[in-house]
Amino acid sequence: MSDLIAARSLMAMSLGFHIIFAVVGMAMPLLMVVAEWRWLKTGKAVYLIIAKRWAKGTAIFFAIGAVTGTVLSFQLGLLWPRFMEWAGPIIGPAFAIEGFAFFTEAIFLGIYLYGWQKVSPGAHLAAGGVVALSGIMSGVVVVMANGWMNTPRGFMMHGEIPANIDPVAALFNPSGLLQAPHMILAAFAATGFAVAGIHAFLLLRQPDNAFHQSALKIALVIGGISAILQPLSGDFLAKQVAEFQPLKLAVFEAQVETQQGAPFRIGGAWDSKREVFDYVLEIPYALSLLVTSDPNGRVTGLKDFPKENWPPIGITRTAFQLMVFIGLLMMGLALWGLWLMYKKNPLYQCRRFLQAMVLATPLGFLAIEAGWVATEVGRQPWVIVGYLKTADAVTPMPGLIIPLMIFGALYIFLACIVIWLMWRHVAATPNQFEMTSPRKEAEPA
Amino acid sequence: MELEIALANVLLIALTFYALLGGADFGAGVWHLLARGPTRRAQHQLIGEAIGPIWEANHVWLILIVTIIFTAFPRAYVHISTTLHIPLTILVIGIVLRGSAFAFRHYDIKDDDIHLRWDQLFAISSLISPFLLGMIIGAITTGHFPVNPATFFDGYISPWLQPFPLGMGLLTLLLFSYLAATYLLLETHDPTLQKIFRKRAITAVLLAGILEEAVLYLGRSGAPRLWGELTTSLWGVFIQLGVGSLTIAAILLLLTQRYWWARTCAILQVTLTIWTWGIAQFPYLIPPNLTVFNTAAPEVTLHFIAGALLVGTLLLFPSLFYLFRIFKGNTLFR
């Protein structure tokens, strides 16, 4: 394995691992705050128990997210020093803003987790609100910094060196502005569905448990609304990729030759020798309609671009398709759930729906990973599109396979422990007795 | 003041907070590892409760330091993260294991024997990161960063595998442990525990005092600039006298059970050590060639990040004060 491949694999692994924890750490605070707010409003102890149980699970995810985020801030330099030297002055300020947002999140999470008896109920709820807001803020800024790698702005080339730097223009780059809401919605959809799936699983065993009934409802409303909005956000983003990164869009949509009235293609396998996609299912004119709002609109094919700038086509296309497919599936499930709620048909009596939700538990996270593979692999061979190639940014340090293996082992170890802890967490369901305790005594340690 | 200098000062301020807060968390891990005897469980509990609400926030300082370096001094960041790849990697592995183990131990739903394993992992990894952090700072002070290394050893190992960086690693570990012992003294009213941590604080400050001189001596060849500043200039002599008198004062205060004042001495000693290092190092980030001026980002970036830091700080400090007032309110003021 070459050092470049090792570096790319390590970076992909670190990001792919971190993203799960970052997403849960970003989305769970809102769920907790909603539960706590319901408690303050209704006085029903069940909501307090939900908030507290969710908080414990979230704390583990948050801690792992924080330490793996620290790893990433170092690995940017450890693996891609040339990139950081180039990008630091332009997009670095975004990371400083993220640092403060994360600081705020960590401070108020401490208050939220340990302050149940130390601050007033209102102050406690507010602390949770600050955690949720600053978490979203830090997610937004980080994704906007990533967007800059796709659509670099805020500088002019002066020979080999970027000059006339404008950090604000860099931060508010076109790709970042649309990637950020897409990521935030993904976080809420994935987390909401995962939490709803776990409670649905337990409801199938204990249909009368009020704890799971209320928890399912909160998670489903937040996850469901996000899942319904997500395809819309994806559509905006795709139009923008078509405008600024036409090659990437061509790979996403399997558009080999430039064409008017392009069909939307489903499935397909890339044959790199003949440079065609085999076994494709086509919906006539749909791609042109989606991208240009005109059934006869022109969509650029990937053969219009020099071959050395093509990303790995098979992986990018497959990952993109997987993301879109899961996204639509989740939207369907969300509509079903909201329909059941609208019909005043208690969700937890529809066993088919609960079973579907259980199966959907990991789907959102799969879609997130697929989406990141699509956008990051689809950015190759560039690290800063049009300016710096990934191969030119890698560290001169040899033997990167060793850190790759060490971090691989570390992440597998952590993943196993977290799964096991979550299993324990889920297995220890609160019983009916706890739920009926009056408001004042509902303070489990 | 020029912007480069202002930002270098911000870096030192952030490093000071990281040492005083995050460093003390590491130090608490060291005492966790060394806890013995019948009060072992009580000591563990004291440590867990003391750092629980604040440790996440305490470790964001490091992220802030890294982001300031790569934004404001990108060329220095590149050299540090290339040449010191190995110790930086071990540092972050230590940080990951320590944070995860603490979370596994304290946010688990059940309470059983596996928690002892997490405790062990937490304590052992608390040794790794401070040592590596000190070693990295030591290597940066030495500045033996080869440009076109002939061998892997010359390029990636010998810059940090030297007496001075190793000594700095040990000193950092001891200073962090010293801080933690004095903090923990204010967190408990149990006389037995107080007696234990008093003894530990005295041991740590004595060892740190000896080591501080030893490291300085190693600096004679390892970090000649630091050595020169501290032994030949007037301010250097005053600093040495200052550290010495803080050590003696701390021991006297510990013996007479004036813990709040003893903790103040510990905080002052660590702060003084960091700033002495910083001032002696100035204007170099990595001697003999890279300074805060020739590694700095373009001025517009410096302006922007300075503005961001200013606004961020206005939000950060009230929040931090709120956090510490809630959980450490009884120890903040005398």
Side-chain angles (χ1 to χ4, degrees), chain A residues 53 56-57 59-60 62-64 66-71 73-78 81-82 84-86 88-90 92-93 95-100 102-104 106-111 113-115 118-119 163 165-168 395-399 403 406-407 410 414 417 421 424-425 428, chain B residues 52-64 66-68 70-72 74-75 77-82 85-86 88-89 91-93 95-100 102-104 106-110 152 155-156 297-298 300-301 304-305 308-309 311-313 315-316 319-320 322-323 326-327:
Chain A
R53 292 296 294 268
K56 269 217 155 174
I60 294 176
F62 189 90
I64 310 266
V67 291
T68 52
T70 312
V71 171
S73 70
F74 280 93
Q75 270 179 351
L76 283 172
L78 291 173
R82 277 284 296 144
M84 290 312 284
E85 189 175 11
W86 217 99
I90 306 170
F95 286 98
I97 297 171
E98 194 273 337
F100 281 110
F102 181 58
F103 229 135
T104 312
I107 289 170
F108 285 91
L109 186 82
I111 297 172
L113 291 179
Y114 289 85
K118 299 224 170 197
V119 295
I165 289 169
D166 179 355
V168 180
T395 178
M397 161 100 184
I406 294 173
F407 277 101
L410 182 64
L414 293 179
I417 305 292
L421 287 178
R424 275 155 67 104
H425 207 83
Chain B
I54 52 170
W55 75 276
E56 297 263 23
N58 287 349
H59 290 271
V60 188
W61 289 105
L62 182 62
I63 298 181
L64 200 63
V66 173
T67 54
I68 297 173
F70 73 57
T71 309
R75 232 154 55 83
Y77 179 74
V78 167
H79 282 273
I80 293 169
S81 53
T82 305
H85 188 114
I86 296 168
L88 283 167
T89 300
L91 170 80
V92 291
I93 290 174
I95 289 173
V96 169
L97 285 177
R98 182 177 174 284
S100 312
F102 190 85
F104 294 161
H106 289 271
Y107 308 133
D108 191 8
I109 202 90
K110 285 191 197 161
F152 182 79
Y156 301 100
V300 55
T301 305
F304 192 86
I305 184 143
L309 287 169
V311 175
T313 310
L315 293 171
L316 173 65
S319 313
L320 265 184
Y322 183 53
L323 176 75
I326 294 171
F327 296 104

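Since this is a predicted model, take the numbers as computed values, not measurements.
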At a heavy-atom separation under 4.5 Å, does [X] approach chain A through its side chain, its backbone, both, or neither?
X: Ile326(B); value: both
X: Leu309(B); value: both
X: Leu64(B); value: side chain
X: Thr67(B); value: side chain
X: Val96(B); value: both
X: Phe304(B); value: side chain
X: Ile54(B); value: neither

Decide yes or no for [X] and [Y]: does some side-chain heavy atom of the first lie under 4.5 Å from some side-chain heavy atom of the second?
X: Leu320(B); Y: Ile107(A); value: yes
X: Tyr77(B); Y: Glu85(A); value: no
X: Ile417(A); Y: Phe104(B); value: yes
X: Leu410(A); Y: Leu97(B); value: yes
X: Phe327(B); Y: Ile111(A); value: yes
X: Val92(B); Y: Phe407(A); value: yes
X: Tyr322(B); Y: Val119(A); value: yes

Query raised in the report: What heavy-atom pair brings Ser73(A) and Phe70(B) nearest, and what distance separates the two atoms?
Result: O-CE2, 4.4 Å
Heavy-atom pair count under 4.5 Å with chain B, highest-scoring of [options]:
options: Gly399(A), Gly69(A), Gly110(A), Ala163(A); value: Gly110(A)
options: Gly115(A), Pro398(A), Pro403(A); value: Pro398(A)
options: Ala66(A), Gly99(A), Ala96(A); value: Ala96(A)
options: Ile165(A), Thr68(A), Ile90(A); value: Ile165(A)

What distance separates [X] [atom1] from [Y] [atom2], expressed to the nearest 0.5 Å?
X: Phe102(A); Y: His59(B); atom1: CZ; atom2: NE2; answer: 11.0 Å
X: His85(B); Y: Gln75(A); atom1: NE2; atom2: CD; answer: 8.0 Å
X: Asp108(B); Y: His425(A); atom1: CG; atom2: NE2; answer: 9.0 Å
X: Ile86(B); Y: Leu78(A); atom1: CD1; atom2: CG; answer: 10.5 Å
X: Phe74(A); Y: Thr89(B); atom1: CZ; atom2: OG1; answer: 10.0 Å
X: Thr71(B); Y: Phe95(A); atom1: OG1; atom2: CZ; answer: 8.5 Å

Query - Geometric class of the Phe103(A)/Trp61(B) ring pair [parallel <30°, tilted 30-60°, perpendicular >60°] - result: perpendicular
